[in-house]
There are 2 protein chains.
Amino acid sequence: MKIGELSRATGTNIETIRYYERIGLLPEPARTAGNYRSYGEAHRTRLAFVRHSRELGFTIEEVRSLLDLADHPERECCEADRIATRHLAQVEEKIGQLVTLRDELSRIIGRCRGGLAADCRVIEALGDHTMCNGDHE
Amino acid sequence: MKIGELSRATGTNIETIRYYERIGLLPEPARTAGNYRSYGEAHRTRLAFVRHSRELGFTIEEVRSLLDLADHPERECCEADRIATRHLAQVEEKIGQLVTLRDELSRIIGRCRGGLAADCRVIEALGDHTMCNGDHE
DNA sequence: CTTGACCCTGTAGTTGCTACAGGGTGCATA
DNA sequence: TATGCACCCTGTAGCAACTACAGGGTCAAG
């Protein structure tokens, strides 16, 4: 499989694939006579793992740890659970923040009376933090 | 006011203040004899506006537009409302994505039976996208 | 034998900061 | 007067996680 095929097969940008190789997430594949990268099924599986993890919001370093575990099936797997659990907590925190943000924005918006910026509620609210309820960050 | 004071007054990192000046979000302040930046109340207000906007998740370019409107009170303010509304939509979309993500993660996690990585549900699920319900991204 | 799609390396850009290195300023204290 | 210390200056490089070239090489079809 050439890199373009792998790209299409996994929905990953070609540049991204080469980037993953450079940072050591993907192993260096064999090369053809013309110096083209040549991938097999194992590469596709591994890249899919990486992409899926990234879509779920794991950082590259977390993906590295998860891959490391996947590569060593004889190890304890608690680490994977720990990484995922910590990540879940972060996602939940982020959701909370965004909900606060959404409420703040909703409160600010929609009061445009089509007038001049001088009377704009949005601009006014942005300048004056004390008008806020929630503590965004 | 010296930069350190402005930093404390607005809860903004000194490097960040200088960065905002460099990219033109804050005007260049007057300088003292010793070449120290010297800020006034107007600078503090403007920086507070910027920080507040950033905390609400507006991009630098959006902040630039909003500042531009704030600087021209004779203009129509609909643009501000438009920017904020678009941003609200983005925030709502992001919340939706994260909720999907959270559900996905919850489903994956917590099935660790303390065994070996070979049997790990987390790693298994990461490798196999077809186990997912939602369409994260 | 040339066209076009594909691939290669290497480097620089993106966003929004943050972190130095290597120096200067200004005020209090010994 | 010296010196210590907190603070400030410029300029550049780093972070995450890619993305986007520039400037070239490969390969199959027509």
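Chain identifiers are assigned alphabetically (A, B, ...) following the order of the sequence lines, protein sequences preceding nucleic acid strands; residue numbering begins at 1 within each chain.
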From CZ (B:F49) to CG (B:D71), nearest 0.5 Å: 8.5 Å
Exam field: side chain B:H87 to backbone B:L56, donor-acceptor pair closer than 3.5 Å: yes
Whole-Å distance separating the CE atom of A:M1 from the C1' atom of C:dC7: 16 Å
Chain A contact limits on DNA chain D, taken 5' to 3' with a cut-off of 4.0 angstrom to heavy atoms: D:dA17 to D:dC27
Counterpart residues, ring-ring contact (aromatic ring centres under 6.0 Å, His included), relative to A:Y39 (two or more places apart): A:H43
Interatomic spacing from CD in B:E61 to CD1 in B:I83 - rounded to 0.5 Å: 10.5 Å
Test: A:R18 and A:E21 ion pair at under 4.0 Å: no
Rounded interatomic separation in angstrom, taking CZ from B:F58 and C1' from C:dG16: 17 Å
Strand-adjacent residues in residues 28-46 of chain B, judged by heavy atoms under 4.0 Å from DNA chain C: B:G34, B:Y36
Of A:G57 and B:R22, the one whose closest DNA chain D nucleotide lies more 5': B:R22
Under-4.0 Å salt bridge between A:K2 and A:E5: no
The helix from C:dC1-D:dG30 to C:dA30-D:dT1: angle between end helix axes, five pairs per end, rounded to 10 degrees: 30°
Touch class at under 4.0 angstrom, heavy-atom based, for A:R64 against every strand present: nothing
Partner of A:S7 by side-chain contact (heavy atoms from CB on, under 4.5 Å), out of A:I14, A:N13, A:L47, A:T16: A:I14
Straight-line distance of A:E15 CD to A:R22 CZ, nearest 0.5 Å: 9.0 Å
Main-chain N/O of B:R31 paired to B:S38 side chain as donor or acceptor, under 3.5 Å: no
ring-ring contact (aromatic ring centres under 6.0 Å, His included) contacts touching residues 18-38 of chain B (sequence neighbours left out): none
Heavy-atom donor-acceptor pair, A:H52 side chain to B:L126 backbone, under 3.5 Å: yes
Positions of residues 5-20 of chain A (non-hydrogen atom under 4.0 Å from DNA chain C), listed by number: A:I14, A:R18
Minimal non-hydrogen separation, A:T59 against A:R54, with atom names: CA-NH1, 3.9 Å
Atom pair CG (A:L88) and CD1 (B:I108), whose distance is rounded to the nearest 0.5 Å: 10.0 Å
